[in-house]
Amino acid sequence: MADRWDEPMRHEPVDTSRPSAIGRRYALDDDPAPHADRPADRYAGRFDAFVGADDGDPAPVPPRRPRTVGRWILRGIAAGIVLLVLAIGWLAVTAPLSKSLQPPTPPSITLTADDGTPIARRGAILDTPVDAAKLPPHVTEAFMAIEDRRFRSHWGIDPRGILRAFVHNVGSGGVREGGSTITQQLAKNAFLDSDRTAARKIREVMIAFWLEAWLSKDEILSRYLSNVYFGDNVYGLRAASKHYFGREPERMNIGQAAMLAGLVKAPSRLAPTGNLAGARKREMLVVAAMVDAGFLTRAEGAAVQPQRVLASRPTQLPSGTYFADWVLPDARDQAGEIKTEATVKTTLDRRLQRTAERVIRQAGLRQAQAAIVAMRRDGRVVAMVGGKDYAKSPFNRATQARRQPGSTFKLFVYLAAMRAGMTPDTMADDSPVEIAGWKPRNDDGRYLGQIPLRRAFARSSNVVAARLTQEVGVRNVIKAARDLGISTPIPNEATIGLGTAEVSLLELTAAYAAVANGSYPVSPRGLEEKAGNKSWYQSLTGGSRKMPDDIREKMLDLLSSSLRGTGREAVLTMDAYGKTGTSQANRDAWFIGFAGDLVVGVWVGNDDSSPNPGLHGGGIPAQMWRQFMVSALNIAPVAAPVVVEDGAIDPEAIDNAVEDPIGAAIPQVEDALDGFGVQMKMGRDGDDGGGGGGGDF
């Protein structure tokens, strides 16, 4: 057997005259007997047929087997079933029916004051969905007459409406009329974007079929009316009827329903609050369509009158205020994922907010701006005003502006000194000094020699603050500021003791709150704290530390002495603590202090940081602070100014006071204040005689 591998390949003899098994099966032999009745070319599959005849004629091609039409029909049905199953599965995943109840609008969030009263809203104006079955017939008929007359009879799309729109558009030379049904509009609004592509239109039709298959006509109409846009950032029929007419949709008359139905075509352009004439013209067009559709008789249509809308909407909430702008990011975080509308309670006290607004408004500021922040000792912000007029300038000067704090920064210098073992009775040298070529000076040009730190703090001595900064070390002053929550950059130089590093009013007020609270840092917040809101890192590193009692008592001693010196215009009939501050060239004036359970910061200055001759922290800011505190704490006014030291003056009031000297203009509180864009007259009790007034809240 093995030898056969070495033998040359040989062909076995083949008997061509004997039909093979394959030949017998397919009758590929010379015997035509089995199919004698068929033509000869039926057996053209033989070898000689492929090699061709001698005359060169091409070999005949065998005909294809006829395929039955039924087979193609079955295949088409099968493919259709597969596509239908895939489409249904795709719609079930990407277009759940519940989504048709969600307005296609940005998330809406409503902020409330600490008493639960709404104060601001961001996002769309929404309300509860409507039930079409419970609405008066003329309400739903108004929308069907102008949007989809055969809504009750078609199955998602309206071929007649599409054809009519096509004819009208061709005749007008452009897209003048649409053929979408109410069901298609619901599909587009709830599930799709506004792209005008063939693919989106196909998806719209598929979703319309899907909605018609699973929802009743009233359910489709209810969902459509509950999320359609009506202009003025209002979504849904209930919100629109309240917004424009001040009534529930169940109580709308024919004219009101017709006006709202007419807005759907161009809500932004036809909103009656801005285009009443256009809205009324569209209203009459809808009434005519209702008559033409048979929903109204001619007499009923003729009786409909042009409708009026609310001249004013006192219940409409502002979309932006200084406080709302500041607290909104945290409010969104607390609310989590907002599907339609969320309500978040803030720490704002409406009474204190109105007081802060009134104080700024009645200060008589001209070109100058002002800001006020009021918080509880634990950091809960109860009032915030970032400027004279939010509508004209939403820039929040309480949180966004960074300005030089002047002598209010000395809080950290003296805190570092108390930590170093000094006391308010420690003697300091109030005489000229030079530090590395820098020569600080007292603003009033007076130097008292050896004085206790208490008196140096009260008269806001610059040379004593510079000496203390050098003695305790710049790093320790910076550390004191960081411990109390100052996060803005602070240069590593001795001049910081006089307030050359820029800070915000909010942060600086929170630093004073740390002294009032006896623990640090105090984080200003606009929302109530909730358990579990902090991350594990914040829990480990973000805790507060208690200020030693002796250090706190020393700081309270110093802060109270200031109200007998530069801050005497802020004296109250109860224990009060604070510090004045004036930046270089009188650009910024501050007063920050606390009394009772309130910590309040006031800033006055120009937005362009231009000088204000005569402006100083012991003047207008201190008086505004006192005016706010008297009202906020509901305490008796001060009978007369308090001056402890004989001949005590405010050194901050002397600098640049040759023109329009504010400091010299207020030897008594009842005098008029006029300068640097300020016109204010106040009595001894800090009351300017003006009444209360509303504001953003």
**Q** Does Arg380 qualify as a cation-pi partner of Phe323, given the criterion of NZ or CZ under 6.0 Å from the six-membered ring centre and within 45 degrees of its axis?
**A** no
**Q** Verify, without hydrogens or angle tests, whether Tyr447 (side chain) and Asn442 (backbone) share a donor-acceptor contact under 3.5 angstrom.
**A** yes
**Q** To check you understand the geometry: which heavy-atom pair defines the closest contact between Val600 and Ala374, and what is its length?
**A** CG2-CB, 3.9 Å
**Q** Going from CZ on Arg455 to CG on Leu558, what distance comes out if it is rounded to the nearest 0.5 angstrom?
**A** 15.0 Å
**Q** Would you please test Ile496 and Val413 for side chain to side chain contact (heavy atoms under 4.5 Å, CB included) and show each step?
**A** CA-CA 9 Å; Ile496 63 172; Val413 176; over 6 Å; no
**Q** Keeping the roles fixed (side chain from Lys388, backbone from Arg366), state whether a donor-acceptor pair exists under 3.5 Å.
**A** yes
**Q** Taking the side chain as everything from C-beta on, heavy atoms only, tell me whether Gln627 gets closer than 4.5 Å to Gln362.
**A** yes
**Q** So does Asp114 get a backbone contact from the side chain of Lys345, meaning a donor-acceptor N/O pair under 3.5 Å?
**A** yes
**Q** For the pair Met422 and Leu468, evaluate side chain to side chain contact (heavy atoms under 4.5 Å, CB included) and give the outcome as yes or no after the intermediate values.
**A** CA-CA 10 Å; Met422 301 183 191; Leu468 285 177; 3.7 Å; yes
**Q** I want to check something: taking the side chain as every heavy atom from C-beta on, are Arg350 and Arg354 in contact at a cut-off of under 4.5 Å?
**A** yes
**Q** Start with the C-alpha distance between Asn462 and Arg441, add both sets of side-chain angles, then the distance that settles side chain to side chain contact (heavy atoms under 4.5 Å, CB included), and finish with yes or no.
**A** CA-CA 6 Å; Asn462 287 337; Arg441 66 183 184 88; 5.9 Å; no
**Q** Output yes when a side-chain donor or acceptor of Thr117 lies under 3.5 Å from a complementary backbone atom of Ala113, and no otherwise.
**A** no
**Q** On a heavy-atom basis, which atom in Pro524 and which in Met375 lie closest, and how many Å separate them?
**A** CB-CE, 3.9 Å
**Q** Any sub-3.5 Å donor-acceptor pair from Thr566's side-chain atoms to Gly618's backbone N or O?
**A** no
**Q** Is the backbone N or O of Val373 less than 3.5 Å from a side-chain atom of Trp603, with the two atoms forming a donor-acceptor pair by type?
**A** no
**Q** Strictly distance-based, threshold 3.5 Å: is any side-chain N or O of Lys479 a donor or acceptor partner for the main-chain N or O of Val474?
**A** no
**Q** Given Asn612, which of Asn586, Asn606, Thr582 fulfils the side chain to side chain donor-acceptor pair (under 3.5 Å) condition?
**A** Asn606
**Q** At what distance, to the nearest 0.5 angstrom, does CZ of Arg397 lie from CD of Gln369?
**A** 3.5 Å
**Q** Taking 4.0 angstrom as the limit, do Asp444 and Arg459 come out as a salt bridge?
**A** yes
**Q** So that I can tick it off, tell me whether Arg446 and Asp430 are bridged by a salt bridge, with the cut-off set at under 4.0 angstrom between side-chain N and carboxylate O.
**A** no
**Q** I need the minimum non-hydrogen distance between Gly567 and Thr580, along with the two atoms involved.
**A** CA-CG2, 3.7 Å
**Q** Test Arg626 against every option in Val359, Leu572, Leu563 by the side chain to side chain contact (heavy atoms under 4.5 Å, CB included) rule and name the one that passes.
**A** Leu572
**Q** Is any side-chain heavy atom of Leu411 less than 4.5 Å from a side-chain heavy atom of Leu559?
**A** yes
**Q** Looking at side-chain heavy atoms only, is the closest gap between Glu502 and Thr488 below 4.5 Å?
**A** no
**Q** Considering all heavy atoms of both residues, which atom of Phe591 and which atom of Ala570 are nearest to each other, and what is their separation?
**A** CZ-CB, 3.4 Å
**Q** Does Leu615 reach the side chain of Val604, with side-chain heavy atoms less than 4.5 Å apart?
**A** yes
**Q** Check whether the side chains of Lys579 and Ser460 place a donor and an acceptor atom closer than 3.5 Å, and report yes or no.
**A** yes
**Q** Taking all heavy atoms of Asn517 and all of Arg552, pick out the closest pair and write down the distance.
**A** C-NE, 4.4 Å
**Q** Please report the interatomic distance CD(Gln584) to CG(Asp588), rounded to the nearest 0.5 Å.
**A** 10.0 Å
**Q** State the CZ-CD distance between Arg402 and Gln404, to the nearest 0.5 angstrom.
**A** 14.0 Å
**Q** Under a 3.5 Å distance rule, please check whether Arg332 uses its side chain to pair with a backbone N or O of Pro329 as donor and acceptor.
**A** no
**Q** Report yes if the side chains of Met555 and Leu415 come closer than 4.5 Å at any heavy-atom pair, otherwise no.
**A** yes
**Q** Between Asp429 and Arg467, does any side-chain N to carboxylate O distance fall below 4.0 Å?
**A** yes
**Q** Looking only at heavy atoms, which two atoms of Thr110 and Pro118 are closest? And how far apart?
**A** CG2-CB, 4.0 Å
**Q** Please lay out, stage by stage, how Arg545 and Asp483 fare under the test salt bridge (charged side-chain N to carboxylate O under 4.0 Å, His left out).
**A** CA-CA 9 Å; Arg545 287 171 286 178; Asp483 286 345; 3.5 Å; yes
**Q** Decide yes or no for Val433 and Pro440: does some side-chain heavy atom of the first lie under 4.5 Å from some side-chain heavy atom of the second?
**A** yes
**Q** Taking Arg587 for its side chain and Asp608 for its backbone only, find out whether a donor-acceptor pair lies under 3.5 Å.
**A** no
**Q** Here's a test for you: under ring pair (Phe, Tyr, Trp, His ring centres under 6.0 Å), which of Tyr322, Phe395, Trp326 qualifies with Tyr390?
**A** Tyr322
**Q** State whether Asp597 and Arg376 are salt-bridged, where the test is any N-O pair (Lys NZ or Arg NE/NH1/NH2 against Asp/Glu carboxylate O) under 4.0 Å.
**A** yes
**Q** So, taking the atom named CH2 in Trp590 and the one named OG in Ser407, what distance separates them when rounded to the nearest 0.5 Å?
**A** 12.0 Å
**Q** How far does CD of Gln470 sit from CD1 of Ile435, to the nearest 0.5 angstrom?
**A** 4.5 Å
**Q** So do Glu493 and Pro491 actually touch side chain to side chain, heavy atoms under 4.5 Å?
**A** yes
**Q** If you count heavy atoms of other groups shown closer than 6.0 angstrom to CG of Asn634, is the number above 12?
**A** no
**Q** Checking Asp349 against Gln353 for the side chain to side chain contact (heavy atoms under 4.5 Å, CB included) test, could you report, in this order, the C-alpha distance in whole Å, the side-chain angles of both residues, the deciding distance, and whether it holds?
**A** CA-CA 6 Å; Asp349 186 306; Gln353 177 68 22; over 6 Å; no
**Q** Any side-chain donor-acceptor pair under 3.5 Å between Ser487 and Glu507?
**A** yes
**Q** Does Lys410 count as lying over the ring of Phe457, i.e. NZ or CZ under 6.0 Å from the six-ring centre, within 45 degrees of the axis?
**A** no
**Q** Quick one: does any side-chain atom of Thr408 pair with a main-chain N or O of Gly581 as donor and acceptor, under 3.5 Å?
**A** no
